[in-house]
Amino acid sequence: MQVGKRIFLKRELPDKDVIMGFRDIPTSNIADCMNRKGAMATRIKLMSKPTKQMCGPAFTVHNRPGDNLTIYAALKYCHEGDVIVIDNEGDNTRAVIGEVMMTWLRDQRHVAGVVVDGPMRDIDSLRNWDLPIYAVSTSPNGPYKEGPGEINVPVSCGEISVNPGDLIVGDADGVVRVAHEKAAKLLPEVQAYNKQDNAKAASFHDGTGNINWVDDELKNKNYQIIDDIYRP
């Protein structure tokens, strides 16, 4: 995807009540309700120690690989509660963000989190931060500041397409994206699924859970149950 030189200041956003509704739902429940899709690639890992999960609208950045001029522009134009989603075009040679920029995002912009499809640095400090930070790796190599780059355009992050304003939720398992236009409709389904999942876990804990359906599934899929040891 060609990188231009455009900064869009407006986005279509989910309703604030919808964002709040997703705030305590595990990413696994959300992904399950989206046909077990929507999660970013496993290379996108949690790098910090937040006490609450990340949840907010995507403020997207598409930068030239290894260049953070446009990410600096994001520091100026992002808003409280945003999740900064950075498309680094798969480059893994140099960090595009570190403690200095993260400090501004945390203390001046009060963002909900940062997701970088690429390296970051200053991990010795940032690994203990409460701000949710996701990245692929770390590198001491610093970035260029030449551009080009774009803000609030469709990006690719962790092999998932992310549009400006999409709902981004992250916990220890990873990061999921919910299209902003589908978030309100999906929320009741996700809440019901979460309630059901919690009840299932409780029943497995106290022994009242039922897994008899497994035998039927194995039979339907032609598994062989052999009352003997394996012999080559």
Side-chain angles (χ1 to χ4, degrees), residues 6-11 13-14 16 19-20 22-23 27 40 44-89 91 94-145 147 149-153 155-158 162-172 174-177 180:
R6 300 179 298 174
I7 296 176
F8 292 92
L9 300 182
K10 295 182 179 181
R11 298 165 287 166
L13 301 174
K16 289 183 179 180
I19 296 173
M20 291 294 294
F22 276 92
R23 187 157 291 176
T27 56
M40 292 184 182
I44 308 290
K45 299 184 182 300
L46 181 61
M47 310 295 276
S48 58
K49 296 179 180 178
T51 55
K52 58 184 179 181
Q53 74 178 33
M54 177 178 71
C55 185
F59 186 95
T60 62
V61 181
H62 186 189
N63 56 276
R64 181 172 72 91
D67 189 292
N68 75 351
L69 175 61
T70 310
I71 303 174
Y72 262 102
L75 269 62
K76 178 178 178 64
Y77 294 111
C78 68
H79 302 276
E80 181 175 352
D82 282 344
V83 175
I84 311 300
V85 178
I86 301 172
D87 178 355
N88 193 44
E89 293 194 358
D91 181 78
R94 60 192 64 252
V96 293
I97 193 168
E99 184 177 9
V100 171
M101 300 172 75
M102 293 288 193
T103 299
W104 179 270
L105 289 171
R106 181 191 64 178
D107 297 342
Q108 302 302 321
R109 289 299 186 229
H110 308 292
V111 299
V114 180
V115 183
V116 188
D117 196 346
M120 55 173 280
R121 63 181 180 180
D122 304 321
I123 188 63
D124 277 351
S125 173
L126 296 177
R127 66 160 50 101
N128 296 312
W129 276 29
D130 189 32
L131 177 70
I133 302 171
Y134 293 81
V136 173
S137 59
T138 62
S139 173
N141 284 338
Y144 302 108
K145 291 177 173 61
E150 297 183 299
I151 284 178
N152 284 329
V153 298
V155 299
S156 176
C157 188
V162 179
N163 291 315
D166 284 348
L167 185 62
I168 306 296
V169 184
D171 57 19
V175 181
V176 296
R177 166 259 186 185
H180 62 81

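We're numbering straight along the sequence, starting at 1. Side chains included, hydrogens not; waters and symmetry mates left out as well; all remaining heavy atoms used.
Residues P57 and G165 share a closest heavy-atom pair of CB-O, 4.0 Å. Between T60 and P164 the shortest heavy-atom distance is OG1-CG, 3.8 Å. Shown here for C78 and I84, the closest heavy-atom pair between the two residues is CB-CD1, 3.7 Å. Annotation for A58 and V85: closest pair CB-CG2, 4.0 Å, computed over non-hydrogen atoms. Among all heavy-atom pairs drawn from V115 and C157, the shortest one is CG1-SG, 3.7 Å. V153 and H62 make their closest contact through CG2-CB, 4.3 Å (heavy atoms, listed as atom of the first residue, atom of the second, distance).
With hydrogens and angles ignored, the 3.5 Å screen pairs no side-chain donor or acceptor of N88 with any backbone N or O of G118. When atom types are taken as modelled, the side chain of S48 and the backbone of L131 share a donor-acceptor pair closer than 3.5 angstrom. Side chain of D130 to main chain of T51: a donor-acceptor pair is present (N/O by atom type, distance under 3.5 Å, no hydrogens or angles). Without hydrogens or angle criteria, R109 side chain to L75 main chain gives a donor-acceptor distance under 3.5 Å. With hydrogens and angles ignored, the 3.5 Å screen pairs a side-chain donor or acceptor of Y134 with a backbone N or O of D171.
Under the side chain to side chain donor-acceptor pair (under 3.5 Å) criterion, R64 pairs with D67, sequence neighbours left out. Scored by the side chain to side chain contact (heavy atoms under 4.5 Å, CB included) test, H79 finds R11, D82 as partners (sequence neighbours excluded). Applying the side chain to side chain contact (heavy atoms under 4.5 Å, CB included) rule to P65 yields the partners E89, D91; only residues at least two apart in sequence or on another chain are considered.
When M47, M102, K49, R121 are each tested for a side-chain contact (heavy atoms from CB on, under 4.5 Å) with L126, only one passes: M102.
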Next on the checklist: I'd like to know whether V100 forms a side chain to side chain contact (heavy atoms under 4.5 Å, CB included) with D122, so could you lay out the CA-CA distance, the side-chain angles of the two residues, the decisive distance to 0.1 Å, and finally the verdict.
Outcome noted: CA-CA 9 Å; V100 171; D122 304 321; 5.7 Å; no

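Atom-to-atom distance recorded for I97:CD1 and W104:CH2 is 13.5 Å, nearest 0.5 angstrom.
A donor-acceptor pair shorter than 3.5 Å cannot be found between the side chains of D87 and S156.
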